[in-house]
2 protein chains.
Amino acid sequence: MARNVEFDEQLAVSKAMDVFWRKGYNGTTMRDLTEAMGINSSSLYNTIGDKHELFIRSIKHYTESRMKAAIKQLEPIKSPIKAIEKFILSSVYVITNEPNSCLAIKTTFEVATTDEQVQKIIKADNDFTYNLLNGLVERAIEKEEIKVSQDASMLTDYIINHFSGWHESFIIHHDKARIKNMATFLIKQLNQ
Amino acid sequence: MARNVEFDEQLAVSKAMDVFWRKGYNGTTMRDLTEAMGINSSSLYNTIGDKHELFIRSIKHYTESRMKAAIKQLEPIKSPIKAIEKFILSSVYVITNEPNSCLAIKTTFEVATTDEQVQKIIKADNDFTYNLLNGLVERAIEKEEIKVSQDASMLTDYIINHFSGWHESFIIHHDKARIKNMATFLIKQLNQ
DNA sequence: CTTAATCTGAAACAAATGTTTTAAAAATAA
DNA sequence: TTATTTTTAAAACATTTGTTTCAGATTAAG
């Protein structure tokens, strides 16, 4: 029959994701993308689709990678409260060491309000984190590792809620200590 | 000599701000702006300047209005802890009732990293809120209205930090109760 | 009223945008 | 090898972008 597609789609999407991550959806041009992906726009339109479709794939790639990483990281930890602490502290590490702040949060504030497809992906990502953490919180309350509140679902929201503020703070102040101190305080609150 | 400028600059900036607020910096076109402002682009360039300058004026207008409103609202409250609670609860009200989420936060995530001028304005706004709240927290600790921690500056950061997560949550879930429950828990934590 | 200044509106501008076309190159199956 | 199909690269496409030009309208001062 005929020749095969030459480029690695996963790799291409991952490179596109990097550009969207730095520049946002509206700040990224098709030429930014094709250049970073090392691919001609005709090939891009023939395989993946238009700019919007590429963005959808990019944020899906981002959220799915994060989900896998979170599961892999927390699975071996036996104590629920230890797993929660690990989750919080590794978030702090990512926030204070990665070059860009979270693509999901940036996307939420830039386009989630007006783009239904994006909104769904972001919500799915959020629900995943919620469920993962909520399981841990419920077990931690059962085991009396957490005594501060009996309301697991509120507490789960409460913990997750800190992350975007930490991102915001780090963009504005570039001060790791501020984030670490807040995280330490949050963990201390949970432990009492 | 010659005729005067015909349009009200403050009103024009305020109308431009509304557009940037909805669509973001990169999502807004000059035609969006001139249409909303009811003004021709030549007049705009003759008086205020280009798109970027108009954006700068817009976010300054936004942050300055908020500062004035915050001072006016908190001034009459005698008890520091009551003022802190009022600040938190009125933030919840704004987050769960305004059509768009905070322009300062949206701007932080969209362009603050790459635009130094914007970064400065955002930082100034943040510092203002920090100082306002920090004064209250210090007095509340002195008066032993707050006992949970003696570290006023960390506690101030900790409180402010909640707001962007609440915005994010509301964009994703549109669930007022979730935000209110978190706020109630935060206030309870402070009170003990 | 005249003069001089400058503001305004419509149109024009070049450059950049997202997307499509075209023709040639490449790879597989017969 | 040849025929057939698909991929690719470069250029072209129509719009949209941010910005400027220019002639005429409008105003204040002499």
Side-chain angles (χ1 to χ4, degrees), chain A residues 1-61 106-107 110-111 114-118, chain B residues 1-61 106-107 110-111 114-118:
Chain A
M1 297 283 279
R3 61 189 286 206
N4 291 330
V5 183
E6 211 167 70
F7 78 108
D8 178 345
E9 197 171 303
Q10 278 299 90
L11 184 66
V13 168
S14 157
K15 284 178 178 171
M17 183 195 76
D18 285 334
V19 182
F20 282 128
W21 200 349
R22 265 186 292 115
K23 307 189 137 198
Y25 180 70
N26 287 312
T28 298
T29 71
M30 287 303 288
R31 277 150 187 88
D32 291 335
L33 292 166
T34 50
E35 196 184 339
M37 297 163 85
I39 188 189
N40 192 275
S41 61
S42 79
S43 302
L44 182 53
Y45 277 85
N46 270 336
T47 49
I48 296 175
D50 63 8
K51 184 188 177 185
H52 187 262
E53 178 60 29
L54 186 52
F55 184 65
I56 295 294
R57 302 254 187 128
S58 294
I59 57 175
K60 274 187 180 159
H61 179 74
K106 291 178 78 166
T107 300
E110 192 193 352
V111 290
T114 49
D115 188 323
E116 214 171 311
Q117 243 185 107
V118 168
Chain B
M1 296 285 281
R3 59 188 288 206
N4 289 330
V5 184
E6 210 168 71
F7 77 107
D8 178 344
E9 198 172 302
Q10 277 300 91
L11 184 65
V13 167
S14 157
K15 283 177 177 171
M17 183 195 75
D18 285 334
V19 183
F20 283 127
W21 200 349
R22 265 186 293 114
K23 307 188 140 199
Y25 180 70
N26 287 312
T28 299
T29 71
M30 288 303 290
R31 274 149 188 91
D32 290 336
L33 292 165
T34 51
E35 195 184 340
M37 297 163 86
I39 187 187
N40 192 275
S41 60
S42 79
S43 302
L44 182 54
Y45 278 85
N46 271 334
T47 49
I48 295 174
D50 62 9
K51 183 188 178 187
H52 188 262
E53 178 60 29
L54 186 52
F55 184 65
I56 294 294
R57 302 256 186 128
S58 294
I59 57 174
K60 274 187 181 159
H61 180 74
K106 291 178 79 165
T107 300
E110 191 193 354
V111 288
T114 48
D115 187 323
E116 214 171 313
Q117 244 185 109
V118 168

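Everything numeric here is computed off the predicted structure, so don't read it as measured data. Residue numbers start from 1 in every chain, and the chains themselves are labelled A, B, ... in the order their sequence lines are given, proteins ahead of strands.
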| message | Can you measure Asp32(B) atom CG to dT19(D) atom P for me and round it to whole angstrom units? | response | 14 Å

| query | How many Å lie between CG on Asn46(B) and P on dT19(D), as a whole number? | reply | 14 Å

| remark: When rounded to the nearest 0.5 Å, the distance separating CD of Gln117(A) from CD1 of Ile56(A) is 4.0 Å

Only pairs under 3.5 Å count here: list side-chain donor-acceptor contacts from residues 33-41 of chain B, not counting sequence neighbours, and write none if there are none.
from	atom 1	to	atom 2	distance (Å)
Thr34(B)	OG1	Met30(B)	O	3.1
Thr34(B)	OG1	Arg31(B)	O	3.3
Asn40(B)	OD1	Ser42(B)	N	3.0
Asn40(B)	OD1	Ser42(B)	OG	3.4

| query | Under a 4.0 Å heavy-atom cut-off, which of residues 18-31 of chain A touch DNA chain D? | reply | Arg31(A)

Give me the distances for all protein-to-nucleotides 20-23 of chain C N/O pairs that come in under 3.5 Å?
from	atom 1	to	atom 2	distance (Å)
dT20(C)	O4	Ser41(A)	OG	3.0

| note | From CZ of Phe55(A) across to P of dT19(C) the rounded distance in Å is 14 Å

| query | What pairs with Thr114(B) under side-chain hydrogen bond (donor to acceptor under 3.5 Å, both in side chains), at least two apart in sequence or on another chain? | reply | none

| query | Between dT19(D) atom C1' and Leu33(B) atom CG, what is the distance in whole Å? | reply | 13 Å

Please report, to 0.1 Å, the donor-acceptor pairs under 3.5 Å made by any side chain of residues 13-26 of chain A, with sequence neighbours excluded.
from	atom 1	to	atom 2	distance (Å)
Trp21(A)	NE1	Ser101(A)	O	2.8
Lys23(A)	NZ	Asp32(A)	OD2	3.3
Asn26(A)	ND2	Glu110(A)	OE2	3.2

| said: Measure CD/Glu35(A) against C1'/dA16(C) and give the value in whole Å, please. | reply: 14 Å

| message | Without decimals, in angstroms, what is the distance between Leu44(B) CG and dA10(C) P? | response | 16 Å

| Pair pattern of DNA chain D in dot-bracket, where unpaired bases get dots and | marks partners in another strand, Watson-Crick or G-U under 3.5 angstrom | ||||||||||||||||||||||||||||||

| said: How long is the straight-line distance from CG of Asp50(B) back to CD of Glu53(B), given to the nearest 0.5 Å? | reply: 7.0 Å

| task | Find out whether Phe55(A) and Val111(A) are in side-chain contact, i.e. whether some heavy atom of one side chain is under 4.5 Å from a heavy atom of the other. | result | yes

| said: Could you measure the distance from the OH atom of Tyr45(A) to the NZ atom of Lys51(A)? Nearest 0.5 Å is fine. | reply: 9.0 Å

| said: If I take atom CD in residue Glu53(B) and atom C1' in nucleotide dG18(D), what distance separates them, rounded to the nearest angstrom? | reply: 15 Å

| query | Given atom CD1 of Ile39(B) and atom P of dG9(C), what is their separation to the nearest angstrom? | reply | 8 Å

